[in-house]
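In what follows, a single structure is set out as structure tokens and then discussed.
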Amino acid sequence: VGGNKYDVEHTFDGVTKVYDIDVSSSIQNAAAAIRQMAQKDGTQYQNVFCDIIALNATTVRISANPALPAGVYRLTLLE
């Protein structure tokens, strides 16, 4: 794992099951990155289980069925 890190909060609406997120601001190859998604719970974050798939070098797809509950989530990628 190198020095590139994408660590950004995203808001999910509780209805949408698939989100495509551009991570090119920090990541050169999303397929090679370690990926994690966590839901904000007050001041803490709790890991959630969902699919995080690299569509290409700079875009990841978050998918869950049923949809993730509405709220703030942090997507972290380490490359």
Side-chain angles (χ1 to χ4, degrees):
V1 177
N4 294 335
K5 180 179 181 181
Y6 177 88
D7 193 32
V8 177
E9 290 183 349
H10 298 275
T11 301
F12 290 78
D13 62 14
V15 176
T16 305
K17 294 179 182 180
V18 176
Y19 290 89
D20 291 344
I21 299 175
D22 180 350
V23 296
S24 64
S25 62
S26 304
I27 299 294
Q28 295 177 4
N29 185 0
I34 299 168
R35 302 174 288 259
Q36 176 185 9
M37 182 75 123
Q39 182 177 22
K40 190 171 187 176
D41 182 15
T43 60
Q44 302 293 319
Y45 288 88
Q46 302 213 2
N47 291 342
V48 296
F49 297 98
C50 61
D51 291 327
I52 307 172
I53 300 167
L55 296 178
N56 55 48
T58 60
T59 305
V60 296
R61 173 168 286 167
I62 310 298
S63 61
N65 190 12
L68 294 171
V72 176
Y73 293 81
R74 174 166 281 172
L75 174 62
T76 303
L77 281 81
L78 300 174
E79 179 183 41

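Computation of the quantities below employed the complete heavy-atom set of this structure, encompassing side-chain atoms and omitting hydrogens, waters and symmetry-equivalent molecules. For this chain, numbers begin at 1 and follow the sequence in order.
In this structure, a donor-acceptor pair under 3.5 Å is present between the side chains of Asn47 and Gln36.
Leu77 and Ile52 end up in the same hydrophobic cluster when Ile, Leu, Val, Met, Phe, Trp and Tyr side chains are linked at under 4.5 Å. Both Val8 and Phe12 are assigned to one and the same hydrophobic cluster, defined by single-linkage of ILVMFWY side chains at heavy-atom distances under 4.5 Å.
Contact detail for Ala30 and Asn56: the closest heavy-atom pair is CB-O, 3.7 Å. In terms of heavy-atom proximity, Ala64 sits nearest to Cys50 at CB-CB, 4.2 Å. Between Ile62 and Ile21, the closest heavy-atom pair is CG1-CD1, 3.9 Å. Across Ala67 and Gly14, no two heavy atoms sit closer than the pair CB-O, 3.6 Å. When all heavy atoms of Asp22 and Tyr6 are compared, the pair lying nearest together is O-OH, 3.9 Å.
At least one side-chain heavy atom of Gln28 sits less than 4.5 Å from a side-chain heavy atom of Asn4. Inter-residue side-chain proximity for Met37 and Tyr45 is flagged as unmet; no heavy-atom pair is nearer than 4.5 Å. Arg61 has its side chain out of reach of Asp51: every pair of non-hydrogen atoms, C-beta onward, lies at least 4.5 Å apart. Residues Thr76 and Arg35 are not in side-chain contact: their nearest non-hydrogen atoms beyond the backbone lie 4.5 Å or more apart. By the 4.5 Å heavy-atom criterion applied to side chains, Leu55 and Asp20 are counted as neighbours.
Under the 4.0 Å criterion applied to side-chain N and carboxylate O atoms, Asp7 and Arg74 are assigned as salt-bridge partners. Using a 4.0 Å cut-off between charged nitrogen and carboxylate oxygen, Lys40 and Glu9 count as a salt-bridge pair.
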Q) Taking it one step at a time, do Thr59 and Val23 satisfy side chain to side chain contact (heavy atoms under 4.5 Å, CB included)? A) CA-CA 6 Å; Thr59 305; Val23 296; over 6 Å; no
**Q.** Stepwise side chain to side chain contact (heavy atoms under 4.5 Å, CB included) test for Leu68 and Tyr19
**A.** CA-CA 11 Å; Leu68 294 171; Tyr19 290 89; over 6 Å; no
Q: Start with the C-alpha gap between Thr58 and Ile27, add the side-chain angles, then the distance that decides, and say whether side chain to side chain contact (heavy atoms under 4.5 Å, CB included) holds.
A: CA-CA 7 Å; Thr58 60; Ile27 299 294; over 6 Å; no
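Note: Lys17 NZ to Asn65 CG = 4.0 Å, rounded to the nearest 0.5 Å.
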